[in-house]
Amino acid sequence: NDEDGGSMYCDFKKQWGGFSDFYDQITKLSEVRLATSGCTVNQGAGDGINHGDDAFAKLGVGIIDGQRFPGRCYDKVLGTTDGMEATWATKHQDAVNGKLHRYLAHLAETRDDGPTQATQWNIWKTYASFDGYDTLIHGMNIPAAEFSLFDHGLDAWGSPLKTVLSWACKSNMLLYDATANVQGALNAGATVALAPDWTESGMPNMLAELNYAAYVARDSGWSIQSRLFVEMVTRNAASGFGQLYRIGSLEEGKVANLMVIPDGDGDPFDDFMMAAGAGASYDYRCGPKDVKLTVVAGRPMYGDPDLLTTANFPF
């Protein structure tokens with residue numbers, strides 16, 4: 001791998017650029033894949049687009065775009081030569097003041113030893129924005145012992161402040177043949193979410209992504225329980241997205257997002273992982289056929305006809 005992420009990654013970006021004229025269709029395809037595999041929230045693509053554009057602004061197939069309009073993406077999330085200390089000091093203060101919930105940074109994406117990758121973590125942990133309002137996507141160069149630094153204590157209201165690791169398992173393994181030390185992160189008490197870097201290099205659906213992550217965990221000798229895998233794509237993901245106050249768990253007052261799978265014989269979380277493939281194979285193609293119903297904000301959006309037509313949802 002070179003400092004830009006390796007030849008395969010560069011080729012992948014060139015292929016993506018060739019689809020730029022079909023971006024609306026690709027976005028909708030991603031939403032369909034999400035809904036049919038039980039997923040209800042997308043990281044979003046709200047930057048630089050017209051908030052009145054039907055291709056993006058309408059509920060469509062029912063995916064909640066977590067980013068919302070206007071987009072708040074920055075072309076450069078971490079300066080490694082010119083410095084971004086002042087910018088991220090401002091972001092930190094915005095978070096403290098309640099102007100934003102979380103900021104997400106692609107950090108330490110490859111195994112490279114070059115300054116644009118391996119040393120990003122060392123730079124980030126000196127910034128004011130390494131403060132527990134940050135979610136780090138990738139984190140491949142973070143030493144296991146330093147995941148303990150992800151715990152930042154409590155905020156002014158007594159709520160925990162924790163940096164979240166977003167585990168981009170399939171994306172990392174596909175492009176770099178390596179991924180973050182998730183077992184080390186868990187052993188240190190870090191919160192780990194599971195999501196692809198982007199849908200193009202992830203598995204074709206959420207259940208397949210879960211299965212692949214379980215496969216990699218088993219192949220790596222890690223011990224991760226079924227319930228924690230489920231939390232990675234629900235509660236922990238909502239926490240890393242700054243949306244735990246409204247999604248991520250089934251509680252009164254939250255948005256009614258849920259999926260239904262066939263009942264199994266054992267523990268519900270084990271049954272769920274069995275529906276995902278339980279890590280049995282790296283290319284297990286589970287997904288829509290295993291999902292009986294997907295409900296977004298109390299609205300049935302995908303599922304078996306009998307459930308879609310007979311379920312009494314007050315929406």
Side-chain angles (χ1 to χ4, degrees), residues 26-46 54-69 101 166 193-196 199 202-211 213 226-278 284-315:
I26 292 174
T27 300
K28 286 303 176 187
L29 173 61
S30 298
E31 289 184 347
V32 170
R33 282 181 170 180
L34 287 164
T36 58
S37 66
C39 192
T40 61
V41 180
N42 194 6
Q43 179 173 312
D54 284 352
F56 296 96
K58 301 300 170 62
L59 188 60
V61 298
I63 299 300
I64 297 174
D65 184 342
Q67 181 177 271
R68 307 281 182 171
F69 182 88
H101 295 296
S166 181
L194 175 64
T199 55
M203 293 297 281
N205 58 72
M206 183 187 72
L207 292 177
E209 185 79 23
L210 264 173
N211 171 73
S226 296
R227 178 162 186 157
L228 183 50
F229 271 118
V230 176
E231 289 178 347
M232 286 181 182
V233 296
T234 53
R235 184 178 184 86
N236 292 358
S239 178
F241 215 32
Q243 301 292 309
L244 188 56
Y245 69 96
R246 70 187 188 101
I247 58 176
S249 60
L250 295 176
E251 298 180 63
E252 183 178 356
K254 289 191 175 184
V255 175
N257 289 3
L258 58 96
M259 67 177 294
V260 177
I261 60 171
D263 189 20
D265 298 328
D267 174 84
F269 297 100
D270 290 338
D271 292 341
F272 182 81
M273 289 305 295
M274 287 300 295
Y284 185 82
R285 298 293 172 173
C286 47
K289 62 182 172 54
D290 302 295
V291 177
K292 309 298 288 183
L293 183 68
T294 301
V295 177
V296 183
R299 181 183 181 187
M301 301 304 297
Y302 169 88
D304 293 353
D306 58 336
L307 290 177
L308 283 171
T309 57
T310 62
N312 182 24
F313 288 89
F315 65 88

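If you read the sequence from its start, that first residue is 1, and numbering goes on from there. In this text the structure is predicted, and so the values were computed from the model without any measurement.
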Output every pair passing side chain to side chain donor-acceptor pair (under 3.5 Å) with a member in residues 258-276, not counting sequence neighbours, ordered by first then second residue.
Ser226-Asp270

Where Ala237 and Ala193 come nearest, the two heavy atoms and their spacing:
CA-CB, 3.6 Å

Calculate, to the nearest 0.5 Å, the distance between atoms CZ and CD belonging to Phe229 and Glu209 respectively.
11.0 Å

How close do Ala276 and Cys286 get, counting heavy atoms only, and between which atoms?
O-SG, 2.9 Å

Qualifying residues under side chain to side chain contact (heavy atoms under 4.5 Å, CB included), relative to Arg227, sequence neighbours excluded
Glu231, Phe269

Least distance between heavy atoms, Val296 atom then Met301 atom
CG2-CG, 3.7 Å

Could you go step by step and tell me if Leu207 and Val291 meet the side-chain contact (heavy atoms from CB on, under 4.5 Å) rule?
CA-CA 9 Å; Leu207 292 177; Val291 177; 3.9 Å; yes

Counting distance only, does the side-chain N/O of Asn205 pair as donor-acceptor with the main-chain N or O of Ala208 below 3.5 Å?
yes

Kindly determine whether Asp290 and Ile261 satisfy side-chain contact (heavy atoms from CB on, under 4.5 Å), including the steps that lead there.
CA-CA 6 Å; Asp290 302 295; Ile261 60 171; 5.7 Å; no

How many angstroms lie between atom CE of Met232 and atom OG of Ser239, to the nearest 0.5 angstrom?
13.0 Å

Kindly compute the distance separating CG (Leu194) from CG (Asn236), expressed to the nearest 0.5 Å.
10.0 Å

Kindly say whether Pro288 contributes a backbone atom to a donor-acceptor pair with the side chain of Thr36 at under 3.5 angstrom?
no

Given Val230 and Leu210, is the side-chain contact (heavy atoms from CB on, under 4.5 Å) satisfied, shown in steps?
CA-CA 8 Å; Val230 176; Leu210 264 173; 5.6 Å; no

At their closest point, which heavy atom of Pro196 faces which heavy atom of Gly202, and how far apart are they?
CB-CA, 3.8 Å

Please evaluate residues Leu293 and Leu308 with respect to the criterion side-chain contact (heavy atoms from CB on, under 4.5 Å), reporting the C-alpha separation (whole Å), side-chain torsions for both, the decisive distance (0.1 Å), and the verdict.
CA-CA 7 Å; Leu293 183 68; Leu308 283 171; 3.7 Å; yes

Point-to-point distance, once rounded to the nearest 0.5 Å, from CE of Met206 to CZ of Arg33
14.5 Å

Taking all non-hydrogen atoms of both residues, which atom of Arg285 and which atom of Pro204 are closest, and how far apart?
NH1-CG, 3.0 Å

To the nearest 0.5 Å, atom SG of Cys39 lies from atom OH of Tyr302 at 14.0 Å

Using atom types as modelled and distance alone, determine if a side-chain donor or acceptor of Asn257 lies under 3.5 Å from a backbone N or O of Ala297.
yes

Roughly how far, to the nearest 0.5 Å, is CG of Asn211 from CE of Met273?
7.0 Å

Should we say atom CE of Met274 is surrounded by more than 12 heavy atoms from elsewhere, each under 6.0 Å from it?
no

I'd like to know whether NZ of Lys254 has more than 12 heavy-atom contacts from other residues, nucleotides or ligands below 6.0 angstrom.
yes

